[in-house]
Structures are given as C-alpha cells and as structure tokens.
Amino acid sequence: MKKIINNPENVVNEMLEGIVKAHPKYVRRIEGTDVLVRKTSPIKGKVALVSGGGSGHEPSHAGFVGKGMLNAAVSGEVFTSPTPDQVFEAIKAVDGGKGVLLIIKNYTGDIMNFEMAEEMAELEDIKVKHVVVNDDVAVEDSTYTSGRRGIAGTILVHKIAGAAAEEGMSLEDVQRIAQKVIKNVRSMGMSLSSCIVPAAGKSSFELEEDEMEVGLGIHGEPGTHREKIKKADEITKELLDKILEDIEIKKEDEVAILVNGLGATPLMELYIMNRHLHKLLNDKNIKIYNTIVGNFMTSLEMAGASITILKLDDELKQLLDSIADTPAFKNI
Amino acid sequence: MKKIINNPENVVNEMLEGIVKAHPKYVRRIEGTDVLVRKTSPIKGKVALVSGGGSGHEPSHAGFVGKGMLNAAVSGEVFTSPTPDQVFEAIKAVDGGKGVLLIIKNYTGDIMNFEMAEEMAELEDIKVKHVVVNDDVAVEDSTYTSGRRGIAGTILVHKIAGAAAEEGMSLEDVQRIAQKVIKNVRSMGMSLSSCIVPAAGKSSFELEEDEMEVGLGIHGEPGTHREKIKKADEITKELLDKILEDIEIKKEDEVAILVNGLGATPLMELYIMNRHLHKLLNDKNIKIYNTIVGNFMTSLEMAGASITILKLDDELKQLLDSIADTPAFKNI
Amino acid sequence: MISNTLLIKILNNIAITIKENKEYLTHLDSVIGDSDHGFNMNKGFNEVRQKLEPLQNKDCGTILKNVAMTLISKVGGASGPLYGTAFLKASVVIKDKYEISEKDSIKMFDESIKGIISRGKAKQGDKTMLDALIPAYQIYKDSINKGNSIEIAISQAQKAAYEGVEYTKTIKATKGRASYLGDRSIGHQDPGATSSYLILKSISDTLNNINK
Amino acid sequence: MISNTLLIKILNNIAITIKENKEYLTHLDSVIGDSDHGFNMNKGFNEVRQKLEPLQNKDCGTILKNVAMTLISKVGGASGPLYGTAFLKASVVIKDKYEISEKDSIKMFDESIKGIISRGKAKQGDKTMLDALIPAYQIYKDSINKGNSIEIAISQAQKAAYEGVEYTKTIKATKGRASYLGDRSIGHQDPGATSSYLILKSISDTLNNINK
Ligand SMILES: Nc1ncnc2c1ncn2[C@@H]1O[C@H](COP(=O)(O)OP(=O)(O)O)[C@@H](O)[C@H]1O
Ligand SMILES: Nc1ncnc2c1ncn2[C@@H]1O[C@H](COP(=O)(O)OP(=O)(O)O)[C@@H](O)[C@H]1O
Ligand SMILES: [Mg+2]
Ligand SMILES: [Mg+2]
Ligand SMILES: [Mg+2]
Ligand SMILES: [Mg+2]
C-alpha cells in the first residue's frame, strides 16, 4: 500500500484537521466530532443543508461546505457511513430555526444512519427532512436491488438545493428542488484501476493491464462488468448511452454535464472525454447549458471517471447559475 | 498503458478542445495553434501574462487563464516545451499595447523556445519581458547544473503577477513583482509512482512497493534519490527541511503555503500533509497567511506531492488576496 | 440462565473473536463490498470491550443497551445500525433483570431479528446477516422449547448459522452493497452473515467452555 | 560536392532514420530525461520529409532554411531550438548555392555547432549532443583538410560521434534535463548525443551507398 498517511486508523481525523487548517475562512469543526460546519453556524432564518457519508470521496463532502452549498458535512470512516450521533451533532449545529435538509446517497448504511439521526432530531423538535440521491444508472432500480446508488450527481444536488436554501426558500421548497434535481440527474462510471482502503491495506479488486471495469460505484466495489479497455471516445459513448437508456432527454432539451474524475485520472483525460461528450450531445441536438470537469466525487486513488447528465428547466438553471463559494466549488 | 485517450499523438489537441468546451466563458483557442487566451483578448491598457510549457501538468497552464491570472497559455506536446511560433502567436493575441510578460519555468527547452518567441515579438515592436521561475530546491542552483527547476511555485507567480497586471501596473512593475515572488518561493516534491508519457507508452521509471522517489520534477524524470517510504509526517518534514535549508524564513515571518498533488494523490493525503506542515511551521513560529491545497501543477498520473513556501511582504499579501477567476483557481 | 457477570464475559469474548477475524471479515467485504466490515466491527466491539468494566454490576438490560449505543455510535455503515438495533431490542426484553432465562433468550433473539428486519427492510434470501440469524434462531427456539439448555441450543444455533453462511455463497445479493454486483455476487460469502455466525459461535464457545 | 538533389535525399534518409529510432531515443530519454526525445524528433523530421517535395529544385540554402524553420516550429523541447538553430546557421553558409563544396561543408558544420553553443550555453563534457558533434566535427575538418572526400570524412566523423555517445555514458550531465539527476546520470547515454550520431550516420550511409 503506497499512501502518504501516518496510521490507517487516523486518516479521517488527520484529514479533517488538515481541511480546517487549509480553509479556516470556510469551515470549522464541531469539537469531539467528525462534523465540519460553515465558519458561522447556525445561520438564522435559512434552511440548512447537511450531507456526508464515508470518507475517501474528497473533496466530497467537506469541500462543499460554504455559501450556496452545504452547511455541514459529516465524515464517516473511509467508505463507511457516519454514525447517527455524528449526523445529529451536525443537525444541531446548523439548524437556524428554518429546518434542516439531509442529503443522503442511496446506500443501505447511509440511509439507516441518517434516518436514525433524523429520528433523534425530531425528538428534540428540530424540523428535519431528507432526500436520497440515486443517480447511478449502472444499478437497476427495482424491488430486487437496493436501488440505484448515489454518486457524482450528488454535487449538483448540493449546488442547486444549496442555492435554493440561500435564497431563503422554505424547507419544503428546498426539499422539492432537491428532489427535482434527483429526478433529473443520472450518472455512469468506469475505472481503470481499483483503490486501496487504508485499513484494508490492499487493492479492493484487481484489473488486468488491458481491462476496465464498467458501472462501478465509488467505494472500490467491483462494477457490473469487465471489458477490454477502449478508446476515450468509445468509453464516453458507452457511459452516455447507458444514461440515455435510463432517462429521456429530447432534442432541444437543456442539460448540465459533469465529467468527474475518480481520483487518479489526469485532468487531461477528463477533458478528452468532455470533448467527445459535447460532440455526442451536439449530434443529438441536446443543448449543453453548463459543463463541469474535475475531481468532485472521488474514490481514493482510483483511476477512472463518471459522466453525469442533469436535465434542466428554468428554475434549475437559475439556481445552478447563482453564486457558490466553497473550498472545492466556486461559482462567481 | 492504461489511459482514457484515443490516440497518443492527439492527446494535446483533443484536450485543448475539451478545455474550450468546458470553459467557454473563460477561454478561446487561437485557431490553428495550441494557444488558449482569455475569451476577450487583447485587453487594452493592461500588461498581458503569457505562460505555458509542456502538457501533462493540468490544470497548468490553461486552467489559470482568466481574470487576475494569465492572459494566455501555450501548450506543448506532453512534457515538451512549446515551439517559438506558438508562443509568438500567444504574444500577438494578448498584447494590449502595454506589453507582455512571459512566465517561463526554468528548463533548457522552455527558456530557448520562449526566448526565441521574445526575439520574434521584438522584431514586430511588441514590448516583451520575461521571468524564469526556479523554485525547486531539489536541484542545486550552481554553474554546474541547469539550475533549479520551475515547479508548483509557478502558480503563485501567476496569481500574484496576474493581480499586479490587473491593477494596471506597468510591464516593468509586473516583472518586478513576478521576480519578487520568484526570489521568495521554494518548492520540494516526492512521488510514490511514476507517470506514463502517452507517446512513450510505459512508465518513465519504476519504484518498488516500499520505495519513494524524493526531489523529483514534474516530467516523470527520476528524483535526486530514492528512499524507503515514510509516514506522511516524516515526508512533510523532509520536504520542508530541504526548503528551509535553501531560504531563510525567520520567526514571525509570514508565508503562503501550497500543498500540491502530482495527479494521482487523493486529496485526503494532501490534507494529511497540510495538517503536519501547519504544525511544523507553527512550532517554528512562522505565520501562515494563506494555505492552498490541491492539484495545480501535476505530472500526468503520478502519485506524489510537493510543498511550496512563499515568503510574503505586504505588497505580495495584498496581491495574493485580490480576486482571481479562472477555471482552476478562484479567489472570491 | 445467564447472569450479568456471564453476559459481560460473553460480550468480552465476542469482541475478542471479532478482533481475531478483523482481516478475514474485511477480506470478505472487499470481494463483494467495500472492504470495511472487519475494521468497523472491530472498532465498535473494541469500544464495547472498554466500556464493560464499569458495567460489571449493572443489570443485563443496562449492559446490552450500552452495547447497543456503542455499536450505533462507533460502527457506522450498514452493520452499525443493524447490530445496534439488534442489541437495543434485546436489551428491552430484559430491562432491569440480572439474569437471562431460557425464555427471555428466545424473545431476545426474536426481537433482535425483528429489529434488523424493520431497520434494514431485508428478508431471508437477500444474502445478508439474516441468512445466518434466521435459521439459527429457528433451531434455537425449537431446541429450547424441546427443553434443552441455552448451552446446547446455542451450539446448535451456531451450526445453523454456519450453514446459513454457506448458503449465502449460493445466492445473489439483493440487499446491501453486494446487490450492485448482481449475479457476480454469487459464489461469495456474505461478510455480515459471517460476522453474525462468529458472534453466535463465540457465545456458544463461551457458554460451553464454562459448563465443561 | 553535394548537389541540392542529393541534399534532399540525405534529409529524407535522416527522417527515415529518426523514425526507425523513435522508440529507442524515447527510451534513452526516459532513463535520464522526460521520455519525449524520440517522439518530438520524429514529429519534426516527419514534417520535414513532407516539405521536401516542393523544395526539390530550390537552392541548398533555401532547403536547409526550410528544414530549420520546420524543426523550430515542430520539435519543441530542448532539441527543437538546438537542431533548428544548427540547420539555420548551416543554411546561411550556403545561401543561394546549388552545390555544397568540401570547404562549405566544414563551415556549415562549424557554424551549426557554434549555433548550438550560443543557443544552449553548453560545452563539451556537459553530456549533450555537443559530445557527439564536437569530436565528429574535429575529425571531419582534419579529414577534409587532409584532402579526403566528404564521403570519407563523414564516415570518420560518424565513428567519432559514436565514440562521443559512448563517452556520454561515463560522465555526469551538467546541462539539460539530465543534469537534475546529478551523479545518477552517470552510466546512461545521452539521447541528444545519440540522435546527433544517428543523423551523421545517416548522412554517411546515404553518401557512401550512392558512391558505391
Ligand atoms: N438491509 C440489510 N439488512 C440486513 N443486513 C444487511 C442489509 N444491508 C447490508 N446488510 C449486511 O451488512 C453487511 C455489510 O456491512 P458493512 O460492510 O459493515 O456495511 P457497508 O455495506 O455499509 O459497508 C452485509 O454483508 C450484510 O450482511
Ligand atoms: N543546453 C544544451 N545544449 C546542447 N544540448 C542540449 C542542451 N540541453 C539539452 N540538450 C540536448 O537535448 C537532449 C534532450 O532533448 P529533448 O528530450 O528533445 O528535450 P527536453 O530535455 O526538453 O525534453 C539532451 O539529451 C541533450 O543532448
Ligand atoms: Mg462501507
Ligand atoms: Mg521534454
Ligand atoms: Mg462494507
Ligand atoms: Mg526530453
């Protein structure tokens, strides 16, 4: 295992300390917890957004704490949902009287832990609602599975719901907006290499020199299938096709796209994918309103990428455009 | 070679197309060249900044084209300095009458090609000056070497000289400021793995599972020496110590620090280094005015990191604080 | 009959068992999950172990409630809330009691499983811990009802749990993280079913050694 | 005497030689540099080759000037400006001439090297292309001055260049990218010296085959 770490058991704590030292104008840590909140919390009269999940997805989620996005991020161990008490601490720290929206990614563990926190908060009369992001089309959404996973599309939920909260909308409205994003966002990923969970010390899976794993999540879990590695343009098409099988996007529809790196993929490769993604969408007469390229929802040192497509309407467009100022996502 | 690319010979061109599609509000490409300039160029009455170098260091340099930083970025082949005609095109496209400053990293090839472009521009009566960034303390700066290399510290030259240009300073003043940054900035890097130049198709060097390469540059060249891999805190100390051997930083001095990832290093690890870097500097009573953590000057899919320290004075502090709005670096 | 002192001993031994199997559980989770089951379970039970000392003379309900809260706040992931809920439900059955009777133990087992089901919405055959726990519970109940001692019943139960673990190898996961693998999950044993088996096995070992 | 037609042929063959040695040069550069020497040289000379056709009937000065400009605008890195400058300086010597005399050729070689030195500020012993070119030039000059033909002189020169390449293995790089390696550069041959040798070898092969 080649990592710049000290002790696998301390990575989350030391990382959080490093984040706070890097971004003191944005975040502070609730003492005794793994919760980072905006420097000035709670903010009165504004719905607060709390997200989180296992660590190892940096800059998710702490990197998105700031104006126009999250109020708090809760970090679990690497790839492990945080515990309910931690989420509860986050809720208490950011509630400004107008209620708190939990943004949960669709994993059994995340849902159970966040819901338990919600139950705890309700006992203390804090208004809490939640949404579950499930953008990953690799997994079929049926009663015979745990449903689609939440992956990179989550960033767009943070951005847009965050903008809605910033505008002073009610908890119900912010939840409705978040749900609208979730209903219209889809992602699909692939990877060229596995990642190494620090505490496990070895690769989560092995790939041959000429293989790629398609339809994988962001926790080092294997994907839906394995293929011979293809050219960037073919990979891009394969991911997009799978997305468009799942959601109807018509000619003249407007979309936001996100080409997300999983951690070890050079930006060069993400831009090469982006180039072809634009071509493919242009060919279909789908209008690209907004493009985001970078490492936003990573999986430690995994090499690979995901594509996210969000179908927009006027309300979503306006919220996407509004100002965001967080360590990892800024919109001026 | 595992990469999301089409053809190794087209990576730079396709990447540049992808960048323009991703950031149309920031950059456009000068047709027939590998030069990206600000969307609105030239800007009258303002000194223009041109930087560039081989590709493979993304987001350097195109990612820093925008308000408060560069006016143009010239991209060579992977790890190959761009040719003089390309640099000349950039100069012509951005000169707004107040002159152009070339920001060159100290490599034989970069210097020769940029200087030839400067000679071409002078023939056409465009006022051009240049500075040479040489922040890498791994290499001794003596008459028996090519001198220290330019690495991640370059970003701080872009930021600060860019701010000076934005304020309307003269070419001489912008050059003076850039030189002040160069005089006060030092970096040192290490890596856990090599990178693969697409056209070469295989790793530039091999490292054992328990080895790290110390003092290496950003072109996949081997470093000054090899060591057994150490803990993050020890690595951080080793890099910092080497920097502080080279530049005197006294108690109460104020510095900006940059913990830069080389491409495949998870942000988690950069933050863990940042945590200890803060501790080490605090212990020495050196004041950290500003912290930047992320992938800014990369080396394709190399795993590793560098530390940069910039000694500040009031003028540099004010320029560092001013607004920047580029695809890869935003300061609100 | 299980006294509060014996309960403490059982819990201590479970923690040791989990620790010994940390790498094993993580390895199983790396194949069809995300490589954290061993690490997280150990983190939780290690904390449980450290909390046992001051609970020495407390009633069994209080002891188990503390275990539950510790697991909930230390394990995380899917297994944290599930095991936490299981222990919490069991603790309610023996609130204020200093001894656990045979009858109590059936109820505790039953309530634990119900808790896991209501929290996780899974059922037998989904390739989860339930595939070890449900058959184990059925044998346990039958055995006690036939008049067997807790020692004998739990020994039979852990064998059934083991078979349940083996059974998980033959089926496709339809709940939890392994479900993303679809058919590719077949052939691999479920980490949570395995930790459930290890817990029952540890209880059985403790009880049967003591009585020997 | 080298005619403009023969010059075109020489340049064409250099381009072929560089193409054949693309991987080799890149490999050498991967050991002590940044893995691009073969790729870049080939990119430049490939472009040169495509430009030769319309230059067929031009004077030698024009031909070489075109080669120089192509290398400068296509190769990049350290070798682009250096080889570009070398060809540019050589072209000046034979401006407007349709034939290159023995005496011209000495002057061209000399000016090329001076151009490389003034552009790159390196000297013999720095482990660069100069370590192949300078000894080659000295032998070449002596040989022509002794009354030998260009064919014989260039054949001796390429051998000296080869020895220069071998010599680069024994010394530490103090210029260019390999200098960052310090003592670790010792034992490895310089890619630029190697490409210089290959160019001279290719010229020699072309001339000596033709005259056979
Ligand atoms: N809905 C569920 N009901 C019961 N058990 C479940 C459920 N989902 C997952 N599990 C169990 O949890 C185990 C995984 O636990 P763990 O690795 O700690 O959590 P995570 O999957 O969040 O990483 C699985 O092997 C399975 O036995
Ligand atoms: N200052 C210099 N003078 C002469 N030759 C040089 C100089 N610097 C580098 N070289 C030559 O250039 C070669 C490297 O060329 P190349 O790999 O194309 O450029 P880069 O080092 O920019 O990647 C070296 O092997 C060396 O022979
Ligand atoms: Mg997990
Ligand atoms: Mg190069
Ligand atoms: Mg797991
Ligand atoms: Mg090179």
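Just so it is clear: chains get the letters A, B, ... in the order the sequence lines come, proteins before strands, and each one is counted from 1.
- Within 6.0 Å of NZ in Lys67(A) there are 12 or fewer heavy atoms belonging to other residues, nucleotides or ligands.
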Only distances under 3.5 Å count here; give the side-chain donor-acceptor pairs of residues 53-63 of chain A to other protein atoms, sequence neighbours excluded, each with its distance to 0.1 Å.
unit_1	atom_1	unit_2	atom_2	d
Ser55(A)	OG	Gly76(A)	O	2.7
His57(A)	ND1	Ile218(A)	O	3.4
His57(A)	ND1	Thr298(A)	O	2.8
His57(A)	NE2	His219(A)	NE2	3.3
Glu58(A)	OE1	Gly56(A)	N	3.0
Glu58(A)	OE2	Gly56(A)	N	3.0
Ser60(A)	OG	Phe296(A)	O	2.8
His61(A)	NE2	Lys105(A)	NZ	2.9

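- Residue Met1(B) holds its CE atom at 11.5 Å from CG of Leu192(A), rounded to the nearest 0.5 Å.
- Around atom NZ of Lys230(A), more than 12 heavy atoms belonging to other residues, nucleotides or ligands sit under 6.0 Å away.
- When the heavy atoms of residues 266-282 of chain B are compared with those of chain A, the residues falling under 4.5 Å are Pro266(B), Leu267(B), Met268(B), Glu269(B), Tyr271(B), Ile272(B), Met273(B), Asn274(B), Arg275(B), His278(B), listed by number.
- In this structure, the separation between CD1 on Ile288(A) and NZ on Lys21(B) is 8.0 Å, given to the nearest 0.5 Å.
- Looking at Met190(B), only its side chain comes within 4.5 Å of chain A, counting heavy atoms on both sides.
- Side-chain atoms of Asp233(B) do not come within 3.5 Å of backbone N or O of Asn6(A) as any donor-acceptor pair.
- Residue Asn295(A) holds its CG atom at 6.5 Å from CG of Asn295(B), rounded to the nearest 0.5 Å.
- With a 4.5 Å cut-off on non-hydrogen atoms, Ile235(B) touches chain A through its side chain but not through its backbone.
- Chain B forms more heavy-atom pairs under 4.5 Å with one residue of Glu211(A), Met15(A), Lys231(A), Glu14(A) than with any other, namely Glu14(A).
- The structure places CG of Asn331(A) at 7.5 Å from NZ of Lys330(B), a figure rounded to the nearest 0.5 Å.
- Only the side chain of Ile229(B) comes within contact range of chain A, with heavy atoms under 4.5 Å apart.
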Leu207(A) and Lys2(B): CA distance, side-chain angles, deciding distance, side chain to side chain contact (heavy atoms under 4.5 Å, CB included) verdict: CA-CA 11 Å; Leu207(A) 274 173; Lys2(B) 286 195 142 176; 3.5 Å; yes

